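No experiment lies behind these values; they were computed from the predicted model shown. Quick note on labels: first sequence line is chain A, next is B, and so on, each numbered from 1.
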Amino acid sequence: MREIQVRTRARRELVDITRQVAAAARESGGSGAWLVFVPHTTAGVTINEGADPAVADDILTALEAAVPEGQPWKHAEGNSPAHVLSTLVGSSVLVAVEDGEVALGTWQSIFFCEFDGPRSRQVWLQKLE
Amino acid sequence: MREIQVRTRARRELVDITRQVAAAARESGGSGAWLVFVPHTTAGVTINEGADPAVADDILTALEAAVPEGQPWKHAEGNSPAHVLSTLVGSSVLVAVEDGEVALGTWQSIFFCEFDGPRSRQVWLQKLE
Amino acid sequence: MREIQVRTRARRELVDITRQVAAAARESGGSGAWLVFVPHTTAGVTINEGADPAVADDILTALEAAVPEGQPWKHAEGNSPAHVLSTLVGSSVLVAVEDGEVALGTWQSIFFCEFDGPRSRQVWLQKLE
């Protein structure tokens with residue numbers, strides 16, 4: 001298993017990690033799939049458009065609207081919306097790899113999703129054949 | 001990797017692709033799992049009930065309510081809700097296969113989720129053992 | 001493929017199944033990943049914090065708010081919100097395994113998500129190498 005380090009800089013942020021995943025796949029070579037797994041409960045990982053950064057901004061805006069802050073949460077740490085978004089977005093993506101190349105669509109990038117930053121985060125990469 | 005072609009006919013639509021995935025698994029045979037991956041950023045794939053088409057209608061209705069149109073989006077193409085739904089629903093599902101047969105529950109079907117159609121779309125199928 | 005039985009006791013409930021998944025991985029040994037798959041269309045599976053049970057409560061509260069009951073659903077069985085939540089949360093998670101040990105973050109547990117209980121439910125476990 002390989003590990004990527006992600007340093008987030010805001011409460012909520014989408015960080016493009018496509019390059020790091022692609023580099024790991026290329027170094028390892030071969031075909032199959034890579035599991036991109038986030039070992040945190042207030043973050044997630046998603047695949048979406050990386051060309052226009054406004055898309056990531058709009059995703060964060062919509063997620064905040066879907067799970068608003070300031071509700072009477074039971075969890076005392078004040079980050080319940082981050083936990084909910086982690087479940088809605090998901091803790092992992094799985095991407096196919098052919099001859100060491102990650103198979104993504106033209107507009108697709110892989111984003112680490114910070115919902116309770118800023119923090120130092122990890123992403124685990126596991127190869128499946 | 002195999003590819004399924006999907007021709008969508010509405011702005012938002014759930015298209016049952018279970019038959020195509022099952023056919024690929026049967027032709028290929030063997031056991032393991034198949035990654036059903038959508039290489040688009042304004043579409044997704046999900047597993048849900050295929051028996052009553054009203055379920056797919058209700059899913060689309062609820063998703064539209066959760067991410068309403070007509071907000072002040074930054075992304076200029078006017079399809080930000082489609083990008084958000086792609087992240088919420090997800091770009092892939094992974095299904096087990098035993099002796100060439102896709103392992104799904106009694107009521108489960110695999111649906112391509114169009115959120116910005118109508119368009120010609122692709123679905124990638126990758127076998128994992 | 002292995003099967004876990006889950007007996008849910010409420011309409012909506014998150015049931016921690018980490019121990020059962022870990023036991024299956026340990027018995028089977030080896031490294032790779034396990035697909036944790038829910039063969040139902042009104043339930044799901046997610047990874048989130050298991051230490052404080054208030055987190056699971058808050059997740060259920062937020063999901064109910066995001067997909068409210070009492071809308072004019074087409075599906076006549078009255079459980080359309082459960083179908084929608086199944087799609088939003090997802091039918092499976094994939095977790096890496098190293099030498100028979102499930103690789104989860106410090107705070108992560110695997111939860112079966114009941115959205116239309118109480119019922120007897122199954123979870124399928126499939127090993128991938």
Side-chain angles (χ1 to χ4, degrees), chain A residues 1-3 6 24 30 32-46 62-96 112 115-116 119-129, chain C residues 14 16 18 30-37 44-68 84-99 101-113 115 126-129:
Chain A
M1 198 186 292
R2 286 154 182 258
E3 191 171 280
V6 180
W34 281 80
L35 172 61
V36 182
F37 184 89
V38 169
H40 307 288
T41 59
T42 54
V45 58
T46 193
L63 294 180
E64 278 193 58
V67 185
E69 304 267 351
Q71 295 177 59
W73 304 107
K74 286 190 184 178
H75 182 52
E77 289 181 37
N79 59 359
S80 285
H83 286 288
V84 177
L85 293 179
S86 178
T87 277
L88 285 176
V89 167
S91 300
S92 71
V93 296
L94 185 64
V95 288
F112 176 85
F115 298 127
D116 191 34
R119 297 204 205 190
S120 288
R121 301 289 207 173
Q122 288 75 48
V123 178
W124 295 346
L125 303 180
Q126 172 87 356
K127 190 182 183 181
L128 302 170
E129 282 168 277
Chain C
L14 264 58
D16 192 327
T18 314
S31 296
W34 281 80
L35 172 62
V36 182
F37 184 89
V45 60
T46 192
I47 295 174
N48 217 302
E49 182 184 324
D52 179 4
V55 172
D57 290 343
D58 286 348
I59 290 171
L60 287 175
T61 300
L63 294 180
E64 277 192 57
V67 185
V84 178
L85 293 179
S86 178
T87 277
L88 285 176
V89 168
S91 300
S92 70
V93 296
L94 186 64
V95 287
V97 173
E98 293 191 304
D99 294 327
E101 293 297 320
V102 173
L104 289 172
T106 311
W107 303 102
Q108 288 184 316
S109 293
I110 304 170
F111 290 96
F112 177 86
C113 304
F115 297 127
Q126 172 87 355
K127 191 184 185 179
L128 302 171
E129 284 168 277

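A donor-acceptor pair is defined here as one N or O able to donate and one able to accept, closer than 3.5 Å; such a pair exists between the side chain of C:D58 and the backbone of A:H75. Looking at C:N48, its side chain does come within 3.5 Å of a backbone N or O of A:H83 through a donor-acceptor pair. In this structure, C:E129 contributes its side chain and A:E129 its backbone to no donor-acceptor pair below 3.5 Å.
To the nearest 0.5 Å, the span separating OG on C:S31 from CE on A:M1 amounts to 8.5 Å. With rounding to the nearest 0.5 angstrom, the CD1 atom of C:I59 is 7.5 Å from the OG atom of A:S86. Between C:T61 atom OG1 and A:Q71 atom CD the span is 8.5 Å, to the nearest 0.5 Å. Expressed to the nearest 0.5 Å, how far CH2 of A:W124 lies from CD of C:E98 amounts to 8.5 Å. Atom NE2 of residue A:H40 and atom OG1 of residue C:T106 lie 8.5 Å apart, to the nearest 0.5 angstrom.
With a 4.5 angstrom heavy-atom cutoff, C:D57 touches chain A only via side-chain atoms. When heavy atoms are compared at a cutoff of 4.5 Å, A:L35 approaches chain C solely by way of its side chain, counted from C-beta outward. Heavy-atom distances place both the backbone and the side chain of A:T87 under 4.5 Å from chain C. For chain A, the nearby parts of C:V95 are the backbone and the side chain; heavy atoms of each come within less than 4.5 Å. Using a 4.5 Å cut-off between heavy atoms, C:V67 makes no contact with chain A at all.
Looking only at heavy-atom pairs under 4.5 Å with chain A, the residue among C:P53, C:A103, C:A33 that has the most is C:A103. In terms of heavy-atom pairs under 4.5 angstrom with chain A, the leader among C:T46, C:L128, C:L85 is C:T46. For the set C:I47, C:V89, C:L63, C:V55, the count of heavy-atom pairs under 4.5 angstrom toward chain A peaks at C:V55.
The nearest pair of heavy atoms linking C:Q108 to A:P39 is OE1-CA, 3.4 Å. Nearest heavy atom pair, residue A:F37 against residue C:L104, reads CZ-CD2, 4.0 Å. Taking every heavy atom of both residues into account, A:A66 and C:A66 meet most closely at O-CB, 4.3 Å.
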